[in-house]
Every structure is written in structure tokens, then in C-alpha cells.
Peer 1: 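First, the structure itself, so that you have it in front of you.
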Protein chains: 2
Amino acid sequence: MGEPTDSGPAPAAGRGRAALIEDGVEFDGRDAALLRAVDAAGSVAGAASELGRSRARALTRIETLEDAYGTLVERRRGGEGGGGSRLAASARDLLDRYDRLQAVLAATASVPETVLDGTVAAVDGELAVVDTPVGELSGLHGGTVDDEDADDRADGRDADDRADGRGADDGADGRDADDGADGGAVAVGDAVQVRIGADAVTVNDAANAVDPDATSARNRLAGRVSRIDSGETVSTVRIVVEPVDRGGTDDAAVEVAALITAESIDRLGLAPGDPVSLRWKATATRLVAQVE
Amino acid sequence: MGEPTDSGPAPAAGRGRAALIEDGVEFDGRDAALLRAVDAAGSVAGAASELGRSRARALTRIETLEDAYGTLVERRRGGEGGGGSRLAASARDLLDRYDRLQAVLAATASVPETVLDGTVAAVDGELAVVDTPVGELSGLHGGTVDDEDADDRADGRDADDRADGRGADDGADGRDADDGADGGAVAVGDAVQVRIGADAVTVNDAANAVDPDATSARNRLAGRVSRIDSGETVSTVRIVVEPVDRGGTDDAAVEVAALITAESIDRLGLAPGDPVSLRWKATATRLVAQVE
DNA sequence: CGCCGTTGTATCTATGCCGATACAACGACG
DNA sequence: CGTCGTTGTATCGGCATAGATACAACGGCG
């Protein structure tokens with residue numbers, strides 16, 4: 001494809017980069033490109049020359065990956081055409097998984113987010129209630145949902161016949177040192193950031209109140225549309241929410257972003273100034289310990 | 001803190017690793033740990049010795065980072081205690097941003113997801129309609145929402161007085177080579193994975209139908225609760241959705257995962273076998289090109 | 001003024017990863 | 001049986017990064 005003069009592991013999405021990790025071995029964009037090239041060329045040698053990188057290195061790299069991720073490439077030497085290599089089914093699953101991670105990263109980089117600073121008011125398991133300028137919001141903290149039986153990873157998949165080589169074994173993954181912000185757990189009184197992805201916020205007609213008991217969306221705010229940044233088919237709607245009076249001095253208006261389709265804007269008849277009701281799930285709200 | 005015998009950049013979250021990228025310079029867990037150590041020790045020298053790494057390297061690393069991210073550490077030599085270093089406000093913002101990325105990554109690694117294979121039926125801008133075993137679903141493809149004026153990055157922030165050193169300039173970010181799956185754009189007829197995060201799916205009482213015009217959530221499915229994996233305060237509910245009859249042979253049942261709070265389960269009175277209505281936003285649905 | 005611990009800066013060395021190269025083993029095919 | 005292009009395997013050198021070390025500059029403070 002392009003000129004192979006490029007270096008670097010993987011530019012990936014926007015202003016972030018993500019890689020899978022298993023057993024201490026990273027699987028990054030470079031590895032993904034290698035597997036894809038093997039798939040296309042039908043041989044590791046062909047893939048290496050296509051990518052302009054060393055064949056021997058490519059082979060040892062594949063072996064390193066296979067030590068961590070299991071069989072990825074079925075290699076055969078001798079025979080028709082001198083031999084050749086094909087991707088194992090698990091390699092395709094791995095690539096799919098990598099692409100999904102990449103898509104999620106791209107999404108977090110490109111989808112607007114609302115970040116509110118607050119203090120933890122209550123902690124109950126992996127859920128916490130945070131006191132923010134717009135009132136109490138609840139969200140998730142900590143990395144994992146199910147700590148014990150991890151690797152549960154749902155996967156409805158479907159009628160497709162692919163093997164689901166997902167689980168692997170995980171292997172405890174020793175070192176978890178130096179990340180600073182430990183696991184992500186918070187305690188009452190901690191200063192935290194409340195992150196709300198604009199793609200998680202549902203906009204409702206203010207008049208048409210939904211029966212609160214009929215939905216699992218907990219967080220709720222009322223506000224007025226302040227601005228609509230129209231894209232071709234997707235628009236970012238910003239809603240001004242009046243801060244609650246907490247006696248403090250910090251009573252600036254807060255703007256919450258919501259990403260909705262242009263069609264929905266039409267359907268709801270949204271325009272700046274309109275009163276709307278916002279709603280989003282606690283489980284789509286992430287709590288991040290604040291630096292200071 | 002721990003013993004500095006560790007190496008490697010940063011194990012980060014679960015089975016993934018992420019880093020920020022600006023101007024070709026990666027900001028990873030190692031850098032985050034360095035900045036945090038500087039903040040704690042009050043000097044780069046102290047931070048380096050605390051982390052068990054070279055002081056000179058730590059300094060040059062900070063300079064490299066500053067070339068890309070702007071001022072991060074205010075250094076002062078001579079004077080009381082011989083000098084010292086303090087984190088600039090933008091460094092705290094950067095750390096917060098890194099932590100948020102980490103949190104999102106950890107979330108995608110630990111939150112169940114539903115992946116459906118389908119084929120693109122229609123593309124309209126960044127939105128696409130995909131034909132899946134359970135009918136047509138719409139979701140986002142491609143990395144960015146606003147391509148032109150990127151770096152728009154909403155940020156309600158709030159009354160806090162922090163400077164928002166977010167925007168930077170981006171700088172086009174040259175190389176976007178070797179990722180294989182280009183940008184993420186799809187075309188009609190493409191085989192794609194439809195990724196639905198369990199934290200995006202809202203569960204509604206089947207009886208209590210919400211006026212479709214009152215919400216911006218587009219995707220809708222009816223099904224029955226098949227299993228509830230209860231966590232302490234957050235549970236994963238799996239809902240079996242009957243496949244639509246498409247004349248094909250692939251008519252296995254599809255299970256969709258939804259992450260909801262235990263409290264919501266109580267409130268809705270959910271139990272296996274109950275009919276429910278699922279709802280989630282098109283903008284919370286990511287389309288990923290399939291490998292083969 | 002000298003002490004002190006820090007920030008700057010330069011240089012040498014160790015390490016690890018990658019490309020380059022070379023050679024053996026393999027097995028269908030002509 | 002020889003050819004062919006591939007998979008294995010080993011070794012060498014280049015290059016980038018990090019650690020180690022050394023020394024100058026700085027500026028409060030005793």
C-alpha cells in the first residue's frame with residue numbers, strides 16, 4: 001500500500017493511541033497491519049516485503065504474539081508455492097477486537113464530553129453519588145464491573161459461525177505498578193471528575209415526561225438548548241443547566257453536550273431556547289479521581 | 001511507592017493500554033507517573049529517585065513532552081532548598097485528560113458489549129443503517145464527528161477556575177498509514193460489526209411504551225430477560241431478542257447485554273422471562289469494518 | 001562568602017528492538 | 001531428482017532510548 005517509509009507503532013485514532021495487552025505483550029497497530037498483510041499476501045515473507053520490514057523479525061514477532069495470544073498464523077513450509085501462511089480464526093477475532101478498541105478510542109477522541117468537577121457524596125459498591133454544581137449525579141468508578149469472575153465478557157454475537165476465541169485465560173497480569181491513580185476507586189469526600197459522553201445523553205421533550213419507573217436511566221437534568229452544532233447527519237446539542245444553589249460561590253452555568261442525530265432534532269423540533277429534559281444512565285457515567 | 005524494579009511503559013487498564021498523542025509525542029502511563037511524582041516530591045530530582053530512574057533522562061523527557069504539550073513543569077534552580085519544580089496547571093489538566101482516557105478504556109475493557117455482524121444497508125453521512133439478525137440498526141461509523149473543525153471538544157466544565165488548556169492546535173497529525181482499516185468509513189454492502197456497549201442500553205418496561213417522538217433514542221428492540229448477573233450494585237442483564245425472519249438460514253437467538261444498576265432492577269421489577277423493551281442511541285453505536 | 005540541593009547540559013555506556021544477511025529444512029511440482 | 005519459494009534459526013550491525021556520571025550555573029541561607 002503506502003510507502004513503507006513510515007515508522008512508529010500506530011498513529012491510530014486522533015489524539016490517542018490504544019493497544020491490546022495480554023500477558024505483558026502489546027498488540028498494536030503495527031501488529032494488526034502485519035496480520036492483515038499476512039492475510040492478504042498468504043505468506044509472512046510476502047507480508048514483510050509488502051510492509052517493507054524484515055521477514056525474520058516479522059516471524060519472531062508473530063511467535064512472540066502467539067506466546068501471549070495463542071495460535072494466530074497457521075504456517076506451513078514446503079509444498080505448493082514453497083509453503084505459505086494463513087490467519088487462524090482467532091487472529092481474525094483478535095483483529096476484530098482490536099478494531100473495536102480502536103473505534104471506541106476514536107469515538108472518545110471525537111465525541112464531545114462533558115466534564116464536571118464534584119465531590120463524592122456516597123459510595124455504594126462500584127456506584128457512587130457525586131455532588132456537582134448541577135446537583136447529585138451517580139456514576140461508576142473503578143475499572144471493572146465484575147471483579148471476581150472477570151473475563152466474563154458478554155458477547156451476544158449471533159448466528160454467524162465464528163468461533164469465539166475471546167476468553168483466553170488472562171493470567172493475573174502481574175505488575176500493575178506506577179499508574180499513580182490506583183484502580184480508580186474513590187471514597188466519600190474525594191474530588192472527582194464526572195465524565196459524561198455526549199453519545200450517552202438522551203434528549204427528551206421537556207413537556208412529555210416519561211414515567212421514571214419505566215426506564216433504567218437515572219441521571220436527569222432539565223435545561224434549555226443553548227446551541228446546536230449541526231453536522232451532516234449528527235449534531236452536537238449543548239444544553240445549559242442551571243446550577244443548584246448550594247450556598248457556595250460557584251454558581252456559573254453548566255453546559256452539557258449531547259450528540260444526537262439530525263433526524264432526532266427534527267423530530268423533537270429542537271431549537272435554541274427550547275426547554276428539554278436530559279437523561280442518561282449512571283452506568284454510562286465515569287468517575288475519575290481528580291489530580292490534585 | 002512500590003519497588004521500582006518494574007519496567008514497561010504502563011500496564012494501564014485491564015487488557016488494553018492507551019496513550020495520548022500530540023505532535024507525534026506519546027504521553028503514556030510512565031509520563032503520568034513522572035508528573036505525579038514531580039508533584040509529590042516537589043522536584044524532578046526527587047521524583048526521579050523516587051521512581052528509580054535517571055534524573056537527567058527525566059528532565060529531557062519533560063522537555064520533550066513540553067515541546068509537544070506546552071509548559072508542564074515550572075522549574076526553578078537555586079534558592080530555598082536549592083530550587084524545585086512544580087506542576088503547571090496545564091499539567092494537571094493533561095493528567096486529568098489522561099485519567100479520563102484511561103477510565104474510558106478501562107470501561108470498554110470491563111463493560112460487556114454486544115457485537116452483531118451485519119451488512120450496511122444505507123449510509124448517510126457519518127450515520128449508517130445496518131441490516132442485522134434482529135433487524136435494522138443505525139449507528140456511527142468513521143472516527144470523527146466533525147471532520148473539518150475538529151478539536152472542537154466540548155467541555156462544559158464548570159465554575160471551577162481551572163484554565164482549560166485543551167485545544168492546542170492538533171497540527172494535522174501527518175502519518176495515518178498502516179492501520180489497515182482506513183478511517184473506519186463504510187459503504188453499502190460492507191460487512192461490519194455493530195458494537196453496542198452494555199452501558200448504553202436502556203431497559204424499559206415493555207408495557208409502558210414511551211412516546212417515540214419524545215426521545216432521541218432511535219434503536220429499539222423487544223425481548224425477554226434471559227439472565228441477570230448481579231453485582232454488588234451494578235448488574236448485567238441479558239435480553240434475548242428474537243431474530244427477524246429474513247428468509248436466510250441464520251436465525252439463532254441473539255442476546256443483548258445491558259448494564260444497569262441493581263436499584264433499577266428493583267424499580268422495574270426485572271426477573272428472567274420478563275418482557276422488556278430495549279432502547280439505545282444511534283450515536284452510542286459504533287460500526288466497525290469486519291476483518292474478512 | 002561558602003554551603004547546599006536543585007536545575008541545566010554533555011558524554012559515555014548498556015540495553016533492546018529492528019533490519020539485514022545467511023543458511024538449513026521442507027515439500028509439492030515439473 | 002532438482003527447482004522453487006517458503007518457513008525456521010542464528011548472527012551481526014545500526015539506531016534509538018535510558019541509565020550513569022560528571023560538571024557548571026543558580027540562588028537562598030547560615
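A, B, ... follow the sequence lines: proteins, then strands. Residue 1 opens every chain.
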Peer 1: For the pair made of CG in A:L59 and P in D:dA10, what is the distance, rounded to whole Å?
Peer 2: 13 Å
Peer 1: Want to settle it: does A:S54 or A:G82 sit nearer the 5' end of DNA chain C, counting the closest nucleotide to each?
Peer 2: A:S54
Peer 1: Let me know, please, whether A:G84 or B:G79 comes out on the 5' side of the other along DNA chain D by nearest nucleotide.
Peer 2: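 Result: A:G84.
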Peer 1: Do A:Q193 and B:D96 touch side chain to side chain, with heavy atoms closer than 4.5 Å?
Peer 2: yes
Peer 1: Is a side-chain donor or acceptor of B:T119 paired with a backbone partner of B:A191 at a separation under 3.5 angstrom?
Peer 2: no
Peer 1: Have a look at A:R61 and say if it touches a base, only the backbone sugar-phosphate, or nothing, with a 4.0 Å heavy-atom cut-off.
Peer 2: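 It contacts nothing in the nucleic acid.
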Peer 1: Quick one: does any side-chain atom of A:S85 pair with a main-chain N or O of A:V73 as donor and acceptor, under 3.5 Å?
Peer 2: no
Peer 1: Within the 4.5 Å heavy-atom criterion, are A:L116 and A:T114 side-chain neighbours or not?
Peer 2: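 Yes; the side chains approach each other to less than 4.5 Å.
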Peer 1: Between which nucleotides of DNA chain C, read 5' to 3', does contact with chain A run, using atoms under 4.0 Å from its heavy atoms?
Peer 2: C:dC18 to C:dA28
Peer 1: What nucleic acid atoms does B:R57 come within less than 4.0 Å of, heavy atoms only: base, sugar-phosphate, or nothing?
Peer 2: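 It contacts base atoms.
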Peer 1: Heavy atoms, side chains only, cut-off 4.5 Å: are B:F27 and B:L95 in contact?
Peer 2: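 Yes - at least one pair of side-chain heavy atoms lies under 4.5 Å apart.
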Peer 1: Would you kindly give the CD-to-P distance between A:E63 and D:dA10, to the nearest whole Å?
Peer 2: 10 Å
Peer 1: How many whole angstroms separate atom CD of B:E26 from atom P of D:dA18?
Peer 2: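 The answer, rounded to whole Å, is 12 Å.
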Peer 1: If you assign B:A58 and B:R77 each to the DNA chain D nucleotide with the nearest heavy atom, which residue ends up on the more 5' nucleotide?
Peer 2: B:A58
Peer 1: Roughly, in whole Å, what's the span from CD in B:E74 to C1' in D:dC26?
Peer 2: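 Rounding to the nearest Å, CD of B:E74 and C1' of D:dC26 are 18 Å apart.
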Peer 1: Could you check how far CG of B:L51 sits from C1' of D:dA18, rounded to whole Å?
Peer 2: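 In whole Å, D:dA18 C1' lies 14 Å from B:L51 CG.
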Peer 1: Indicate yes or no for a side-chain donor-acceptor contact from A:E66 to the backbone of A:L72 under 3.5 Å, with no hydrogens or angles considered.
Peer 2: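 The answer is yes, because a donor-acceptor pair under 3.5 Å joins these two groups.
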Peer 1: Is A:T60 touching bases, backbone alone, or none of the nucleic acid, heavy atoms closer than 4.0 Å?
Peer 2: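 A:T60: no heavy atom of the nucleic acid under 4.0 Å.
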Peer 1: Checking the side chain of B:Y69 only, and the main-chain atoms of B:V25 only, is there a donor and an acceptor separated by less than 3.5 Å?
Peer 2: yes
